[in-house]
A.B. asks: 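Below are the structure tokens for one structure; questions will follow.
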Number of protein chains: 2
Amino acid sequence: MIIKQLSDNEIRVHIFKALSDEVRLNIVAMLFEKKTEMSCGEIGEILDINKSTASYHFKTLREAGLTTTRKVGQNKFVSLNTAVFDKILPGFLDTLA
Amino acid sequence: MIIKQLSDNEIRVHIFKALSDEVRLNIVAMLFEKKTEMSCGEIGEILDINKSTASYHFKTLREAGLTTTRKVGQNKFVSLNTAVFDKILPGFLDTLA
DNA sequence: TCGATAGTTTTAAAACTATCAAACAACGAT
DNA sequence: ATCGTTGTTTGATAGTTTTAAAACTATCGA
């Protein structure tokens, strides 16, 4: 299996793409406000989005390295990777408060 | 003329979209490094991009509020709107250094 | 094991984005 | 005036992104 080594700017592009959507920004803002992990279903219900659309957005955030997912029984819990935010966009999360 | 009032997240989406492209990130990085305005032609030549493509990217950055353009004779000089960066993405520019 | 619940994947349509050539507009110099 | 330079706009094309229905996988409880 070949793993492509991404340049700094490729990483940034990936992250900015992930954040350049209102639904995903709302997910990030919610997770930051609640200061705790939330289940996919809970988030999807609050934001009132189709579950496959929600799943697509969770995948986009996860693949950009912005969130982590933890499976518990039939649920999946999403939480923010604050270390990545702090490294690439220091101070950004605090502007959401 | 009607001016739409953008929400905070709409502004962020606009800015993240503008930054989610390698060419535009390179333009921003160059302007930040040089710490001075640069002409469109100079930037386009350094990055080796077609002039209409370059113009498209300048427009994208300008419309997101990230740059300002000043016309001098037949040239146009582009500079960073550091205040916008500092407000929406505090600390980001420094990560480019 | 069956049924319900929670998420993912596949697929397709619609909307959007990046690129380039060609035509255009604005300016300065001759 | 016309020419060369600098940058914008337009229109075409190729590729990407977002959305949602339908089919699928995994887990739990009865």
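Both backbone and side-chain heavy atoms feed into the values below; hydrogens, waters and symmetry mates do not. Letters A, B, ... are given to chains in the order of the sequence lines, protein chains preceding strands, and every chain is numbered from 1.
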A.B. asks: Decide whether A:Tyr56 and A:Ile43 are clustered together by the hydrophobic rule: side chain heavy atoms of Ile, Leu, Val, Met, Phe, Trp, Tyr closer than 4.5 Å, transitively.
C.D. replies: no
A.B. asks: Mind telling me whether A:Phe92 and A:Phe85 have parallel, tilted or perpendicular rings, with 30° and 60° as the class edges?
C.D. replies: parallel
A.B. asks: Are A:Val28 and A:Leu66 close enough, and set up right, to give a side-chain contact (heavy atoms from CB on, under 4.5 Å), and what steps lead you there?
C.D. replies: CA-CA 9 Å; A:Val28 169; A:Leu66 296 174; 5.5 Å; no
A.B. asks: Please name the pair of heavy atoms, one in B:Gln5 and one in B:Glu10, separated by the smallest distance, quoted to 0.1 Å.
C.D. replies: O-OE1, 4.1 Å
A.B. asks: Within residues 65-77 of chain A, find the residues that approach DNA chain D with a heavy atom at under 4.0 Å, and present them sorted by residue number.
C.D. replies: A:Lys71, A:Gly73, A:Gln74
A.B. asks: Is there a donor-acceptor contact under 3.5 Å from the side chain of B:Asp21 to the main chain of B:Arg24?
C.D. replies: yes
A.B. asks: Only one of A:Ile49, A:Thr53, A:Thr60 forms a side chain to side chain contact (heavy atoms under 4.5 Å, CB included) with A:Val23, so which one is it?
C.D. replies: A:Ile49
A.B. asks: Under the rule for side-chain hydrogen bond (donor to acceptor under 3.5 Å, both in side chains), what residues qualify as partners of B:Asn26, not counting sequence neighbours?
C.D. replies: A:Asn9
A.B. asks: Provide the full list of side-chain hydrogen bond (donor to acceptor under 3.5 Å, both in side chains) pairs with a residue in residues 84-97 of chain A, sequence neighbours left out, each pair given once.
C.D. replies: none
A.B. asks: What are the residues of residues 25-43 of chain A, sorted by number, that bring a heavy atom to within less than 4.0 Å of DNA chain D?
C.D. replies: none
A.B. asks: Which heavy-atom pair separates A:Val13 from B:Ser20 by the least distance, and what is that distance?
C.D. replies: CG1-O, 3.8 Å
A.B. asks: How would you give the extent of chain B contacts on DNA chain D, as first and last nucleotide 5' to 3' within a 4.0 Å heavy-atom cut-off?
C.D. replies: D:dG4 to D:dT9
A.B. asks: Judged by atom type as modelled, is there a donor-acceptor pair below 3.5 Å linking the side chain of A:Ser55 to the main-chain atoms of A:Ser52?
C.D. replies: no
A.B. asks: Is there a residue in residues 46-61 of chain A whose heavy atoms reach under 4.0 Å of DNA chain D, and which residues are they?
C.D. replies: A:Asn50, A:Ser52, A:Thr53, A:Tyr56, A:His57
A.B. asks: Determine whether more than 12 heavy atoms belonging to other residues, nucleotides or ligands lie under 6.0 Å from atom CD of A:Glu45.
C.D. replies: no
A.B. asks: Quick check on the hydrophobic clustering: are A:Leu80 and A:Met38 connected, directly or via other members, by side-chain heavy-atom contacts under 4.5 Å?
C.D. replies: yes
